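Take a look at the structure below.
Fair warning: this is a prediction, and the values are worked out from it, not measured in the lab.
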Amino acid sequence: MSLQTLVDQATIPPDSGSVASSPFDTDSFNEAVMSTYGRFPLALERGAGCRVWDTQGQEYLDFVAGIATCTLGHAHPVMVEAVTRQIQKLHHVSNLYYIPEQGELAKWLVDHSCADRVFFCNSGAEANEAAIKLARKYAHTVLEIEKPIILTANASFHGRTLATITATAQPKYQKYFDPLVPGFHYVNYNDINAVEVAISELDEGDYRVAAILIEPLQGEGGVRPGDVAYFQKLRQICDETGILLIFDEVQVGMGRSGKLWAYEHLGVEPDIFTSAKGLGGGIPIGAMMSKKFCDVFQPGEHASTFGGNPFVCGVALSVCQTLERENILQNVQDRGEQLRSGLQAIAAKYPQHIGEVRGWGLINGLDLRANIELTAADVVNAAIKEGVLLVPAGPKVVRFVPPLIVPEAEVNTALEAVDRAIATLTA
């Protein structure tokens with residue numbers, strides 16, 4: 001089955017011709033649901049391929065994909081079949097027993113990465129929590145560090161749990177949640193001198209740098225790719241000192257960057273790395289993967305009730321196998337080049353409003369100039385009116401993260417809509 005056949009089969013949802021339902025009751029929703037999100041005024045109820053429909057029957061081209069999560073788009077026939085098969089067979093049992101689907105997924109991940117072992121959980125934040133715990137145990141038991149420090153980068157994002165917002169070096173995510181978890185120190189991204197200075201200054205007394213947790217490309221921090229020389233120097237420093245190098249690939253992994261893992265862009269391998277989002281194609285799953293030498297967990301030291309259950313692993317394996325079988329990485333590379341070229345053409349039309357275009361594969365950012373009032377949210381709202389869903393990556397960067405199966409024609413449609421949206425905003 002070709003990629004185009006898969007896209008075509010997931011084009012029209014079963015009830016797309018039905019009469020639009022009554023207006024969605026946002027007041028009732030807001031009465032029952034906590035206000036932890038600033039939501040755009042849309043209520044989405046179905047999807048197929050790279051398109052979604054709201055409760056009024058309005059169609060949108062989805063270049064958010066659940067924020068880089070719906071790897072194969074919506075209602076993909078492979079996922080529909082996998083979900084149906086697994087839910088009818090066995091959906092959940094405890095990790096007190098061997099789970100064949102978990103073992104199969106772990107083997108696929110190990111065979112297709114630099115990792116030797118895998119721990120499964122439910123989200124990116126949980127995967128990063130697992131990586132932090134593993135690094136701390138390794139620091140205590142192998143490196144004999146009494147008070148380990150983990151370096152993370154300014155403008156990073158690693159999750160919403162207490163430890164991962166501490167690792168996330170952005171004050172806006174930490175406000176009102178202090179006291180934060182000790183044991184983290186922040187350095188500037190792509191600045192190797194800052195790392196060297198931090199290690200020199202922190203390695204005193206009982207404190208010592210035990211790990212560096214970093215994104216190969218900063219997603220929430222503005223779609224900022226890592227510098228190859230910087231990451232290769234990080235690897236050298238870690239090799240020389242015994243510091244663990246941990247990559248957060250929650251957003252950029254699983255083909256999003258045009259390679260299966262983003263570390264492949266940088267010419268280095270991490271000791272530990274994390275995945276979630278695209279791993280399950282929209283089914284909640286997270287994974288923390290490591291080299292054998294730093295896999296120091298013992299039974300009872302870390303766990304997850306739902307992590308690695310038969311349902312999520314069966315579906316995630318179908319996503320992984322489809323990426324490989326249909327050569328979807330080639331589509332990511334081709335459509336990524338097409339998208340960046342089109343965005344650069346748009347930027348050239350509005351030089352007073354748009355700075356650079358940056359990204360890898362199908363995670364790309366349109367950077368608005370800092371000296372103007374126009375914000376990423378303004379562009380996103382204008383694009384909605386043109387029938388395309390986009391997502392901010394900070395106040396000044398518009399992020400484009402469509403499903404990895406997006407065809408050429410839909411990239412062109414999105415570019416035309418964004419051009420119209422920006423024309424309206426700058427008129």
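Although no hydrogens or angles enter the test, the distance criterion places no donor-acceptor pair under 3.5 Å between the side chain of Asp54 and the main chain of Glu45. In this structure a side-chain-to-backbone donor-acceptor pair under 3.5 Å is present from Glu264 to Trp261. At distances below 3.5 Å, not a single donor-acceptor pair connects side-chain atoms of Arg256 with backbone N or O atoms of Gly361. A donor-acceptor pair is defined here as one N or O able to donate and one able to accept, closer than 3.5 Å; such a pair exists between the side chain of Thr152 and the backbone of Ala167. No donor-acceptor pair closer than 3.5 Å links the side chain of Asp419 to the backbone N or O of Leu415. Proximity of a side-chain donor or acceptor of Asp25 to a complementary backbone N or O of Ser28 within less than 3.5 Å is detected. Judged by distance alone, the side chain of Asp178 and the main-chain N or O of Leu180 form no donor-acceptor pair under 3.5 Å. The backbone N or O of Glu196 sits nowhere less than 3.5 Å from a side-chain atom of Ser200 that would complete a donor-acceptor pair. Remark: side-chain polar atoms of Asp378 are paired, donor with acceptor, to backbone N or O of Thr375 under 3.5 angstrom. The closest donor-acceptor contact from the side chain of Asp227 to the backbone of Asn190 lies at 3.5 Å or more, if one exists at all.
What you find for Gly226 and Phe231 is that their closest heavy atoms are CA-CE1, 3.5 Å. Scanning both residues, Ala194 and Val187, for their nearest heavy atoms gives O-CG1, 3.7 Å. The shortest heavy-atom contact between Val209 and Asp203 is N-OD1, 2.9 Å. Nearest heavy-atom pair across Gly359 and Leu217 is CA-CD1, 4.4 Å. Shown here for His74 and Cys70, the closest heavy-atom pair between the two residues is CE1-SG, 3.8 Å. Closest heavy-atom contact between Ala210 and Ile145: CB-CD1, 3.9 Å.
Between Leu368 and Glu373, every side-chain heavy-atom pair lies at or beyond the 4.5 Å cut-off. At a threshold of 4.5 Å between non-hydrogen side-chain atoms, the residues Ile272 and Cys294 count as touching. Contact check for Pro270 versus Cys114: side-chain heavy atoms found under the 4.5 Å cut-off. Under the 4.5 Å side-chain criterion, counting only non-hydrogen atoms from C-beta, Arg39 is in contact with Val33. A heavy-atom distance below 4.5 Å is found between the side chains of Glu101 and Gln86. Taking the side chain as every heavy atom from C-beta outward, Pro216 and Phe273 never approach each other to under 4.5 Å. Counting heavy atoms from C-beta outward, Ile243 and Ile199 have side chains that approach closer than 4.5 Å.
The local environment of OH in Tyr207 is sparse, with at most 12 non-hydrogen atoms from other residues, nucleotides or ligands closer than 6.0 Å. Within a 6.0 Å sphere centred on NE2 of His92, heavy atoms belonging to other residues, nucleotides or ligands number more than 12. Other residues, nucleotides and ligands contribute over 12 non-hydrogen atoms within 6.0 Å of the CZ atom of Phe40. The local environment of CZ in Arg117 is sparse, with at most 12 non-hydrogen atoms from other residues, nucleotides or ligands closer than 6.0 Å. Atom NZ of Lys172 sits in a crowded spot, with more than 12 heavy atoms from other residues, nucleotides or ligands closer than 6.0 Å. At most 12 heavy atoms of other shown residues, nucleotides or ligands fall within 6.0 angstrom of atom CZ in Phe306. Within 6.0 Å of CD on Gln352 lie no more than 12 heavy atoms contributed by other residues, nucleotides or ligands.
Ile214 CD1 to Ile150 CD1: the interatomic distance, rounded to the nearest 0.5 Å, is 13.0 Å. If you take CH2 on Trp53 and CD on Glu59, they are separated by 5.0 Å, rounding to the nearest 0.5 Å. Going from atom CD1 of Ile384 over to atom CD of Gln58 covers 11.0 Å, rounded to the nearest 0.5 Å. We find the CZ-CG distance between Arg325 and Leu323 to be 10.0 Å, quoted to the nearest 0.5 Å. Rounding to the nearest 0.5 Å gives a distance of 6.0 Å between CG of Leu202 and CD1 of Ile149. Rounded to the nearest 0.5 angstrom, Lys396 NZ and Leu366 CG are separated by 11.5 Å.
Salt-bridge formation is detected for the pair Glu220/Arg399: a Lys NZ or Arg NE/NH1/NH2 atom is positioned less than 4.0 Å from an Asp or Glu carboxylate oxygen. With salt bridges taken as basic N to acidic carboxylate O contacts below 4.0 Å, one links Arg235 and Asp271. Under a 4.0 Å N-O distance rule, the pair Arg51/Asp62 does not qualify as a salt bridge. A salt bridge links Glu269 with Lys291: the distance from a Lys NZ or Arg NE/NH1/NH2 to an Asp or Glu carboxylate oxygen falls below 4.0 Å.
A side-chain contact (heavy atoms from CB on, under 4.5 Å) with Glu129 holds for exactly one of Thr161, Leu134, Thr274; it is Thr161.
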> So Leu389 and Phe63, side-chain contact (heavy atoms from CB on, under 4.5 Å) or not? Walk me through it.
Replying inline: CA-CA 5 Å; Leu389 305 184; Phe63 269 49; 5.8 Å; no
> Does the pair Leu390 and Phe400 meet the rule for a side-chain contact (heavy atoms from CB on, under 4.5 Å), with working shown?
Replying inline: CA-CA 6 Å; Leu390 305 172; Phe400 296 73; 3.5 Å; yes
> Does the side chain to side chain donor-acceptor pair (under 3.5 Å) test come out yes or no for Gln338 and Asn412, once each step is laid out?
Replying inline: CA-CA 8 Å; Gln338 177 192 358; Asn412 286 332; 2.9 Å; yes
> Please walk me through it: do Thr69 and Val64 pass side-chain contact (heavy atoms from CB on, under 4.5 Å)?
Replying inline: CA-CA 8 Å; Thr69 297; Val64 179; over 6 Å; no
>> For Glu240 and Gln236: C-alpha separation, side-chain torsions, deciding distance, then whether side chain to side chain donor-acceptor pair (under 3.5 Å) applies.
In response: CA-CA 6 Å; Glu240 292 173 350; Gln236 180 185 339; 3.1 Å; yes
> Yes or no on side-chain contact (heavy atoms from CB on, under 4.5 Å) for Leu374 and Leu425, after CA distance, side-chain angles and deciding distance?
Replying inline: CA-CA 8 Å; Leu374 188 66; Leu425 291 169; 3.8 Å; yes
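Side-chain contact, His158 with Glu215: no donor N or O sits under 3.5 Å from an acceptor N or O. Side-chain contact, Asn122 with Glu126: a donor N or O sits under 3.5 Å from an acceptor N or O. Side-chain contact, Arg335 with Gln330: no donor N or O sits under 3.5 Å from an acceptor N or O.
Taking the centre of each ring, Tyr173 and Phe157 come in below the 6.0 Å mark.
Ring pair His265/Trp360 is parallel by interplanar angle, where below 30° counts as parallel and above 60° as perpendicular.
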